[in-house]
Amino acid sequence: MPKAPAASYDGYFNTSPECWSVFTEVIGVEFGDAVVFAAAHQLTVDAYAVQHAGGPHPDRSVGIHLSGLHLALEQGLPPVKVARRLQAIGVSVTASDDGWPHFSPPPRRGRATVLEVALAEGPEDHVRQVRAWAEEVWAAWSEVHEVVARLVSRHLA
Ligand SMILES: [Zn+2]
């Protein structure tokens, strides 16, 4: 993204203020449309978080959002139903002795980004772009798919 002096970001995602501002724009669109929100919002959050692993991004967050992609893309859970499961997984892992595994980001994290979603033409295209982006990001993390599946099944009993 071109450098924007007004953009700012003080969270822990491994992102730039400019990229973060595109993400918040996309989130804004999703909060303004109930259908898009239900079909896409959780996928957007999970794909964005996982694509911005590394640096100060804590293991807990990367683990949670990988679990979200697993539930939506491998188990076919509707995105709107993912958040409650993630909450349960978070509580269980944090209370367990094993704690959060560290997931090293893959060298490539998918070519698509949140920018494609920001440029979507209408609600249907928005949902389609989110899905394509999330699937690409998830595929880039293929080396950890099994570990994530085990983590989810153990902590979602
Ligand atoms: Zn970015």
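The first residue in the sequence is number 1, and the count goes up from there. The figures here come from the full heavy-atom set of this structure, side chains too, leaving out hydrogens, waters and symmetry mates. Every number for a ligand or one of its atoms is a count from 1 in the order of the listing.
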Problem - Pairing residues for D33 by the salt bridge (Lys or Arg N to Asp or Glu O under 4.0 Å) criterion, not counting sequence neighbours - result: none
Side-chain atoms of residues 74-86: list all donor-acceptor pairs with protein atoms under 3.5 Å, sequence neighbours left out, distances to 0.1 Å.
unit_1: E74; atom_1: OE2; unit_2: W138; atom_2: NE1; d: 2.6
unit_1: Q75; atom_1: NE2; unit_2: H70; atom_2: NE2; d: 3.0
unit_1: R85; atom_1: NH1; unit_2: K81; atom_2: O; d: 3.3

Completion exercise
Separation between OG (S104) and CG (D59), nearest 0.5 Å, reads 8.5 Å
Only distances under 3.5 Å count here; give the side-chain donor-acceptor pairs of residues 62-69 to other protein atoms, sequence neighbours excluded, each with its distance to 0.1 Å.
unit_1: H65; atom_1: ND1; unit_2: D46; atom_2: OD1; d: 2.7
unit_1: S67; atom_1: OG; unit_2: G63; atom_2: O; d: 2.8

Practice task
Go through the steps to decide whether H41 and V36 satisfy the test side chain to side chain contact (heavy atoms under 4.5 Å, CB included), and finish with yes or no.
Solution key: CA-CA 7 Å; H41 180 65; V36 171; over 6 Å; no
Exercise for the section: Below 2.8 Å of the Zn ion (ligand 1), tally up the protein N/O/S atoms for me. Expected result: 2
Exercise for the section: For the pair Y48 and F23, name the ring-plane relationship: parallel under 30°, tilted 30 to 60°, perpendicular over 60°. Expected result: parallel
